[in-house]
Amino acid sequence: GAGVSQSPSNKVTEKGKDVELRCDPISGHTALYWYRQSLGQGLEFLIYFQGNSAPDKSGLPSDRFSAERTGGSVSTLTIQRTQQEDSAVYLCASSLAGASNQPQHFGDGTRLSIL
Amino acid sequence: AQSVTQLGSHVSVSEGALVLLRCNYSSSVPPYLFWYVQYPNQGLQLLLKYTSAATLVKGINGFEAEFKKSETSFHLTKPSAHMSDAAEYFCAVSESRQGGKLIFGQGTELSVKP
């Protein structure tokens with residue numbers, strides 16, 4: 001079956017520009033997560049959506065980062081006024097429910113490079 | 001707050017040798033623990049999970065891990081390494097109160113020599 005789909009797979013942009021990263025979760029999965037993977041910081045949690053509940057934004061590093069999830073499915077992570085330290089791989093994951101014992105299924109990520 | 005420590009950022013073994021990747025966790029409540037594998041330019045793939053059932057957990061590709069509460073450990077093992085096992089491995093913890101978000105260790109890169 002179809003897995004978690006992320007687009008674009010690679011994005012190169014200039015410092016100061018805004019970028020949007022898209023995640024299409026597995027059909028029927030109510031929970032959606034964004035993580036960031038960078039050389040210096042490893043894998044970090046960014047934000048979590050569960051159904052119609054308010055998202056857990058506790059991992060967003062600054063107010064330049066925001067995310068939304070429309071219709072309980074597709075999610076978009078937006079980074080405004082990009083900085084070089086935003087360069088990383090952004091991974092999206094989904095799970096059947098937002099329970100801690102549920103495995104998360106990951107997409108292949110978007111590799112973001114800020115020039 | 002929970003945390004995960006993976007001992008050894010790089011482990012090298014010979015093909016056919018035992019694989020042992022170490023993971024220790026810190027959690028104030030009984031944790032759920034996961035091992036994921038990442039191949040180059042790919043996302044993370046679940047190897048196995050511990051969710052308070054059997055302490056010895058078997059996963060895919062011949063891997064297994066044992067939850068030891070007294071040692072706060074969840075080490076990953078495989079009796080005989082294969083060349084295709086070369087990848088990066090991540091241990092992660094999820095607390096029952098945290099809505100499922102994962103806290104990852106720093107990762108261990110496994111190399112397999114012919």
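The chains referred to below are lettered A, B, ... by the order of the sequence lines, with proteins before strands, and numbering in each begins at 1.
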Legend entry - A:Q50 portion near chain B, given a 4.5 angstrom heavy-atom threshold: neither
Legend entry - A:L91, part contacting chain B, at a heavy-atom distance under 4.5 Å: side chain
Legend entry - Segment of B:Y36 engaging chain A (4.5 angstrom heavy-atom cut-off): side chain
Legend entry - Which atoms of A:Q41 approach chain B - backbone, side chain, both or neither, heavy atom under 4.5 Å: backbone
Legend entry - N/O donor-acceptor pair under 3.5 Å between A:D108 side chain and B:G43 backbone: yes
Inset, instruction - Could you tell me whether B:I60 atom CD1 has more than 12 heavy atoms of other residues or ligands within 6.0 Å of it? - result: yes
Inset, instruction - Report yes if the side chains of B:N41 and A:R111 come closer than 4.5 Å at any heavy-atom pair, otherwise no. - result: yes
Inset, instruction - Answer with side chain, backbone, both or neither: which region of B:Q38 has an atom nearer than 4.5 Å to a non-hydrogen atom of chain A? - result: side chain
Legend entry - Contacting moiety of B:Q42, where chain A heavy atoms sit under 4.5 Å: both
Legend entry - Minimum heavy-atom distance between A:P103 and B:L46, given as atom pair plus value: CB-CD2, 3.3 Å
Inset, instruction - Could you check A:Y35, A:F45, A:Y48 and say which one makes a side chain to side chain contact (heavy atoms under 4.5 Å, CB included) with B:L102? - result: A:Y35
Legend entry - Most contacts with chain A, counted as non-hydrogen pairs under 4.5 angstrom, among B:L33, B:L44, B:I103: B:L44
Legend entry - Heavy-atom side-chain proximity of A:S58 to B:K101 below 4.5 angstrom: yes
Legend entry - Minimum-distance pair of heavy atoms, taken over all atoms of B:F90 and A:Q37: CZ-NE2, 3.5 Å
